[in-house]
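Data block below; observations after.
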Amino acid sequence: MKSYFSLILLFLVAACSEDESPIKKKKITTQEVAQFKGVETLFNESEFEDVKHKELLKELKICSEFQKDTANYMEPVCSPRFFRILPMKDDSKEENAFLLQIKSKVGGIKLRRTVAFVREKGELTKVNTFVANLIGTRPSQLHYYDLILRFNDNVDGEIIFYNCLFKWDGKKYKFQSVELIEGATWRQRLKPEFKDSVSNDIYNLLVKNEMIL
């Protein structure tokens, strides 16, 4: 993916004095986004967290139950080495609404994906696909968890992350805002007066680059 996000940030920094910069830089601390529960997936488990998860993957026809080679990313085995299922609602059975994390390189896609599924008329239906890593969830009044999804960019050899908030709108997850921009040793939070405009620009670029589907 081209470094479109970095162009936006460079333009904003160039257009503002140091005091007027729309982003405020500070060192990374251990403090997490308020109310969010962190999610970390390493794809190093040997067994699924729930025996039903393998059956859900088979239902989706996203993996091979006959494959034995755990190094085959093009025809992946139904294994937690490639997939992880997480709850999407706090008032529904997981098999009726869940989030699926897919390891990078599976199916030839270089980056991780997070996919949202709901069951409609007995059939699992895909409602969102994000080329992003799920890093946080929190409860909501609609019972569907709010999500923090991390999209990445490569700026002059440095990996930059854009942590974005998504909320359920009744039918699918909808982009809300960019909450944080991070590098390896730093993080930047958008100033309130610039948050809407910058978030809108970044959202449009995510869509253009097919990272939100």
Side-chain angles (χ1 to χ4, degrees), residues 1-41 86 88-90 99 101 111-116 127-213:
M1 183 182 66
K2 293 183 179 179
S3 185
Y4 293 110
F5 301 163
S6 61
L7 295 178
I8 289 176
L9 296 176
L10 288 172
F11 171 79
L12 288 169
V13 172
C16 303
S17 69
E18 184 176 354
D19 291 338
E20 294 172 337
S21 174
I23 51 182
K24 184 178 181 181
K25 183 177 288 190
K26 62 179 180 179
K27 292 182 180 179
I28 288 180
T29 66
T30 57
Q31 184 177 7
E32 297 291 335
V33 178
Q35 300 179 334
F36 274 88
K37 178 181 178 181
V39 175
E40 182 180 31
T41 301
L86 293 146
M88 195 164 79
K89 295 185 69 180
D90 60 16
L99 299 164
Q101 287 187 300
L111 301 173
R112 285 193 184 193
R113 285 164 285 165
T114 301
V115 188
V127 292
N128 294 98
T129 298
F130 307 103
V131 184
N133 187 27
L134 176 67
I135 63 169
T137 64
R138 72 178 176 192
S140 76
Q141 292 183 346
L142 293 177
H143 297 288
Y144 287 86
Y145 296 123
D146 293 342
L147 310 178
I148 291 288
L149 290 160
R150 176 175 285 175
F151 299 84
N152 73 337
D153 189 13
N154 189 317
V155 182
D156 298 326
E158 180 182 6
I159 301 300
I160 307 296
F161 299 101
Y162 305 90
N163 298 347
C164 302
L165 172 63
F166 288 80
K167 294 185 178 183
W168 188 259
D169 72 353
K171 294 183 179 179
K172 63 180 181 179
Y173 278 102
K174 184 177 180 181
F175 176 90
Q176 300 296 310
S177 60
V178 177
E179 294 297 303
L180 202 66
I181 301 172
E182 295 184 274
T185 58
W186 55 267
R187 60 172 53 177
Q188 298 175 324
R189 194 177 296 280
L190 296 172
K191 287 186 174 181
E193 60 267 33
F194 294 97
K195 189 172 183 178
D196 287 347
S197 60
V198 174
S199 292
N200 185 65
D201 287 340
I202 290 178
Y203 168 74
N204 287 332
L205 293 175
L206 288 171
V207 172
K208 181 179 179 179
N209 286 282
E210 299 182 339
M211 300 189 81
I212 299 176
L213 300 170

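Just one residue in the list M88, Q141, H143 forms a side-chain contact (heavy atoms from CB on, under 4.5 Å) with W168, and that residue is M88.
The distance from atom CG of L111 to atom CZ of R150, rounded to the nearest 0.5 Å, is 13.5 Å. Taken to the nearest 0.5 Å, the CG atom of D201 stands 11.0 Å off from the CG atom of D196. If you take CG on L180 and CD1 on I148, they are separated by 8.5 Å, rounding to the nearest 0.5 Å. To the nearest 0.5 angstrom, F175 atom CZ is 13.5 Å from N128 atom CG. Note that CG of L149 and CE of M211 are 10.5 Å apart. Values are rounded to the nearest 0.5 Å. Put simply, SG on C164 and CG on L206 are 5.5 Å apart, with the number rounded to the nearest 0.5 Å.
Inter-residue side-chain proximity for L165 and F36 is flagged as met; some heavy-atom pair is nearer than 4.5 Å. Within the 4.5 Å cutoff, no side-chain heavy atoms of V39 are placed close to those of I135. No side-chain heavy atom of Y173 sits under 4.5 Å from any side-chain heavy atom of V127. In this structure, N133 and Q101 have side chains that are in contact, with non-hydrogen atoms separated by less than 4.5 Å.
Checked against side chain to side chain donor-acceptor pair (under 3.5 Å), E158 has the following partners two or more places apart in sequence or in another chain: W186. Every residue was checked against the salt bridge (Lys or Arg N to Asp or Glu O under 4.0 Å) condition with R113, not counting sequence neighbours, and none meets it. Looking at residues two or more places apart in sequence or on another chain, you find a side-chain contact (heavy atoms from CB on, under 4.5 Å) between V207 and Y203, I212. The side-chain contact (heavy atoms from CB on, under 4.5 Å) test applied to D169 returns K171, K172, K174, not counting sequence neighbours. For the ring pair (Phe, Tyr, Trp, His ring centres under 6.0 Å) test, residues two or more places apart in sequence or in another chain that qualify with F130 are F166. With sequence neighbours excluded, the residues that form a side chain to side chain donor-acceptor pair (under 3.5 Å) with D146 are R138. Residues passing the side-chain contact (heavy atoms from CB on, under 4.5 Å) test with N204, sequence neighbours excluded: N200. K195 pairs by the salt bridge (Lys or Arg N to Asp or Glu O under 4.0 Å) definition with E179, not counting sequence neighbours.
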Does the pair T41 and R112 meet the rule for a side-chain contact (heavy atoms from CB on, under 4.5 Å), with working shown? CA-CA 11 Å; T41 301; R112 285 193 184 193; 3.7 Å; yes

Before you tell me yes or no, could you show the steps for L147 and L99 under side-chain contact (heavy atoms from CB on, under 4.5 Å), namely the whole-Å CA-CA distance, both residues' side-chain angles and the distance that decides it to 0.1 Å? CA-CA 10 Å; L147 310 178; L99 299 164; 3.7 Å; yes

Steps toward side-chain contact (heavy atoms from CB on, under 4.5 Å) verdict (V178, V198): CA-CA 8 Å; V178 177; V198 174; 5.7 Å; no

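A donor-acceptor pair is defined here as one N or O able to donate and one able to accept, closer than 3.5 Å; such a pair exists between the side chain of S197 and the backbone of F194.
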